[in-house]
Number of protein chains: 4
Amino acid sequence: MPKVSDTHLADRRDQILSAAAACFAAQGFHATSMADVVGASGLSAGSVYRYFASKDDLIGAIVDRYLEGLVGHFARAHMTSSSPADTVIDAIRLLTQGLIDTPFQPFAQLMPQFWSEARRNETIRQRGETAFRALLGQFADIVRRAQGEGTLQTDLEPSGVAQVMLALVQGFFLQSILLGQDAALEVYADTVRRLLSPSSR
Amino acid sequence: MPKVSDTHLADRRDQILSAAAACFAAQGFHATSMADVVGASGLSAGSVYRYFASKDDLIGAIVDRYLEGLVGHFARAHMTSSSPADTVIDAIRLLTQGLIDTPFQPFAQLMPQFWSEARRNETIRQRGETAFRALLGQFADIVRRAQGEGTLQTDLEPSGVAQVMLALVQGFFLQSILLGQDAALEVYADTVRRLLSPSSR
Amino acid sequence: MPKVSDTHLADRRDQILSAAAACFAAQGFHATSMADVVGASGLSAGSVYRYFASKDDLIGAIVDRYLEGLVGHFARAHMTSSSPADTVIDAIRLLTQGLIDTPFQPFAQLMPQFWSEARRNETIRQRGETAFRALLGQFADIVRRAQGEGTLQTDLEPSGVAQVMLALVQGFFLQSILLGQDAALEVYADTVRRLLSPSSR
Amino acid sequence: MPKVSDTHLADRRDQILSAAAACFAAQGFHATSMADVVGASGLSAGSVYRYFASKDDLIGAIVDRYLEGLVGHFARAHMTSSSPADTVIDAIRLLTQGLIDTPFQPFAQLMPQFWSEARRNETIRQRGETAFRALLGQFADIVRRAQGEGTLQTDLEPSGVAQVMLALVQGFFLQSILLGQDAALEVYADTVRRLLSPSSR
DNA sequence: CATGAATGAGAGTTCATTCAT
DNA sequence: GATGAATGAACTCTCATTCAT
């Protein structure tokens, strides 16, 4: 199919990317063979390699999507949340739902894959660093706003609280891999809210 | 009645396990070939397979060591720490030092490997669940003790705080993979201490 | 009755052939992909396959051009040269210059490619046989003329001398691939002249 | 089979090398797949790669054998031949017989492969240069000896005659690929003898 | 007529595992 | 008991060729 519209090309790319994301989320980057991706995409090997130069290129594109999705999620949470605690809890809820049935469905499951890869692949590490620094910046802004509104102690370093907030999201997800996410969220959310919101004390 | 002593057998096993841990920490489970492990161990392929039935078996043994080391670390931290905040910070410091020159040197680097594997390997997930539930139990005890001593609010659910404590350790490590661990620890530790220690408010 | 003129078709063919010759000379038949040829020709894959049924067909056409060029070169050398020795030396000089900046530029570099291919491809071998028999015939004529003029011993078999002459051209080119052609030519030419021209003895 | 004798290892290497030489001679380097070599060797893919790191490595080893065989052949011819003409003719005869049933059987057929490869592979070109310079040196010695014995004109440059001698061997082989070697040799040999031996004039 | 996206068999290579010695 | 040569299925990736547009 020559001289095809740009939309068509972008759709094909998305088709491959979605298939790959599903495979990678289910099996991990390294346990997924290109044949798996090819099969899941419904295209041929040659076509997949027309859109992505190598498996690493495909992994890079998936990671980019993952990071964009992550930063986008948190940016939206940022808009609608008033407090650091709610930001953390909303983020978890968004990502948890993403674990089930949103368009971001497979991406939350990619988290451990991403961290493994970041240790070995400098390009991915750098992209991750950029994304996560942006995230920490957003969180720090939320902290400063809360401090300005008097809902958070002013002796806390915003960057430190931002790191803590991020850790609270990350940690919950890691734990949910081992323990299952449903049961714990209520207690966890309540604890986070009490610790990060002095008004409740 | 084997010709060689049990000690000899155990030593061989340790020799392989140490070599494998170093390889896995440096390159990840999947990027490490059995030939890498065989080479690093100084033994032959046949010997390695005499002690471990398969690569997965070897990974399982490494994960067991990793989890034992982790639980042991925190258990020790438990003994010497009086407060939840100090437990978190001590744990980070122990593991951070482990990143450099303790006998646990490679194990901290195995963290993302472990979480990736736990998503795909049910046996490993279960062992992890057991270990982390034990860890959470220890942390909950620390929380209860602190509440009894009046250094922590009593309206906090101990299991929730335990999860938060664990998340604060895990999150710091994930972030340090991307951002480098040195700079942030002081601010992070200070923030954790202020949030988890009402006396400072 | 085609919509485009025959000239246009022939031009397209030449365009592809020139691009292919350059690629084949630079990289060899097998290391050159059809994508390379397509790219160098400035046309599309479909167009190239409109003019040449297959890669082998294209190789065949290139070989034909190569052989035509070769025979044509020697035919011209035949006209202007009076002696067997000068024929050999002029041929080398023409082809050597062809290595640099004549329209035959890439063809001399195709020589080893041709001989490799002739061993495996019977069609090409046959075309080569025809061309080289023609060449040997031209050379034999030159020998007979020289013998008639008394500038060459009459006890030499013309066909044998023709083969020797051809070998002297071919051999020089093979050696120049390994050794570089510049330095040796003067000594080589002088030696050829002395051996093939009894007058100089 | 572990702890196998060095002889056994060398035999395996030879086994692969012989199979590869046969394949390469029959089909050329690039038209021969590693699967072809594997099949012809009677071993497995893994075994072939235990002895040769890559296809290029294998080609390099074959070329080395080819060049050694070539230089060795000519060195022997050198010993037993008294005149430059006989050296050329003996060399052709040795290599021609090699085309049929000596241990060097496939190597003579590798000639065009070698020259093609030398144009694209600098390592191979260099090895070839070394070997052929050695050959030219041997030939020049023969020339000087003949000049000393008064069987060759002293006004010929030994290095130039050496190049001519080599060309006469190479050219005959190239021509024999197209024309078949049997018929021509007698006439060719006679012509070479007459041209290179002034005594016959 | 021209295009170039799509194909899929097959390329070179790796590697977990076995077993004769 | 230990060895390491041997295995072969599976891997990532290429490329000559086709055909819907």
Side-chain angles (χ1 to χ4, degrees), chain A residues 1-5 8-9 12-13 30-38 41-58, chain B residues 2-4 8-9 12 30-39 42-59, chain C residues 2-4 8-9 12 30-39 42-59, chain D residues 1-5 8-9 12-13 30-38 41-58:
Chain A
M1 293 156 210
K3 274 277 174 88
V4 131
S5 67
H8 179 254
L9 293 180
R12 278 277 193 265
R13 232 187 105 93
H30 294 288
T32 299
S33 73
M34 286 305 278
D36 292 338
V37 174
V38 165
S41 72
L43 297 174
S44 65
S47 292
V48 170
Y49 276 90
R50 163 166 277 273
Y51 291 95
F52 298 95
S54 65
K55 188 179 182 180
D56 269 3
D57 194 32
L58 187 52
Chain B
K3 288 186 178 176
V4 294
H8 179 250
L9 291 178
R12 278 272 197 269
H30 293 287
T32 299
S33 71
M34 287 303 279
D36 291 338
V37 174
V38 166
L43 298 176
S44 66
S47 292
V48 170
Y49 275 87
R50 167 160 286 280
Y51 292 96
F52 299 94
S54 67
K55 188 178 182 180
D56 270 1
D57 193 32
L58 187 52
I59 290 175
Chain C
K3 288 186 179 177
V4 294
H8 180 248
L9 292 179
R12 279 271 198 270
H30 293 287
T32 298
S33 71
M34 287 302 280
D36 291 338
V37 175
V38 166
L43 299 176
S44 65
S47 293
V48 170
Y49 274 88
R50 167 160 287 277
Y51 292 96
F52 298 95
S54 67
K55 188 180 182 179
D56 269 2
D57 193 33
L58 187 53
I59 289 175
Chain D
M1 294 158 208
K3 273 276 175 90
V4 132
S5 67
H8 180 253
L9 294 180
R12 279 278 193 262
R13 232 186 104 94
H30 294 289
T32 299
S33 72
M34 287 304 280
D36 292 338
V37 175
V38 165
S41 72
L43 297 175
S44 65
S47 293
V48 170
Y49 276 90
R50 163 166 277 274
Y51 291 94
F52 299 96
S54 65
K55 188 179 182 179
D56 268 3
D57 194 31
L58 187 52

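A quick note: this is a predicted structure, and the numbers were derived from the prediction, not measured. Proteins come first, then strands; the chains are lettered A, B, ... in the order of their sequence lines, and each starts at number 1. Computed over heavy atoms, backbone and side chain alike; hydrogens, waters and symmetry mates excluded.
The distance from atom CZ of Arg13(D) to atom P of dA6(F) is 13 Å, rounded to the nearest whole Å. Distance Phe52(D) CZ to dA6(F) P: 12 Å, rounded to the nearest Å. Across the protein-nucleic acid pair, Tyr49(C) atom OH and dC1(E) atom C1' stand 18 Å apart, rounded to whole Å. A straight line from OH of Tyr51(D) to C1' of dT13(E) spans 18 Å, rounded to a whole angstrom. One can place CZ of Arg12(D) at 12 Å from C1' of dA20(E), the figure rounded to the nearest angstrom. Atom pair Leu58(A):CG and dC11(F):C1' shows a separation of 15 Å (rounding to whole Å applied).
Between Ser47(B) and Ser47(D), the one whose closest nucleotide on DNA chain F sits nearer the 5' end is Ser47(B). If Gly42(C) and Val48(A) are placed on DNA chain E by their nearest nucleotide, the residue sitting closer to the 5' end is Gly42(C). Mapped onto DNA chain F by nearest heavy atom, Ala53(C) and Ala53(A) fall at different nucleotides, with Ala53(A) at the one closer to the 5' end. Along DNA chain E, the nucleotide nearest Val38(B) and the nucleotide nearest His30(D) are compared for position; the residue whose nucleotide lies closer to the 5' end is His30(D).
Take Ser33(C) and apply the side chain to side chain donor-acceptor pair (under 3.5 Å) test, not counting sequence neighbours, and it matches Asp36(C). Ser47(A) is linked by a side-chain contact (heavy atoms from CB on, under 4.5 Å) to Leu43(A), Ser44(A), counting only residues two or more places apart in sequence or in another chain. Scored by the side-chain contact (heavy atoms from CB on, under 4.5 Å) test, Ala53(A) finds Asp57(A) as partners (sequence neighbours excluded). For Tyr49(C), the side-chain contact (heavy atoms from CB on, under 4.5 Å) test picks out Met34(C), with sequence neighbours left out.
Taking NE2 of His30(C) as the reference point, atom OG1 of Thr32(D) lies at 9.5 Å (rounded to 0.5 Å).
Distances from the side chain of Arg50(D) to the nucleotides dA6(F), dT3(F), dA5(F) place dA5(F) closest. For Ser44(D), the side-chain atoms get nearest to dT7(F) when compared with the rest of dT18(E), dA2(F), dT7(F).
Helical stems in DNA chain F, defined as runs of 3 or more consecutive Watson-Crick or G-U wobble pairs with both donor-acceptor distances under 3.5 Å, are listed by first residue as E:2-21 with F:2-21.
Closest non-hydrogen pair, Val48(A) versus Ser41(A), comes out as CG2-OG, 3.9 Å.
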Give me, pair by pair, the N or O atoms of the protein and of nucleotides 9-11 of chain E that are less than 3.5 Å apart, along with how far apart they are.
none

Leu9(D) and Tyr51(D): side chain to side chain contact (heavy atoms under 4.5 Å, CB included), yes or no, with the steps? CA-CA 9 Å; Leu9(D) 294 180; Tyr51(D) 291 94; 3.3 Å; yes
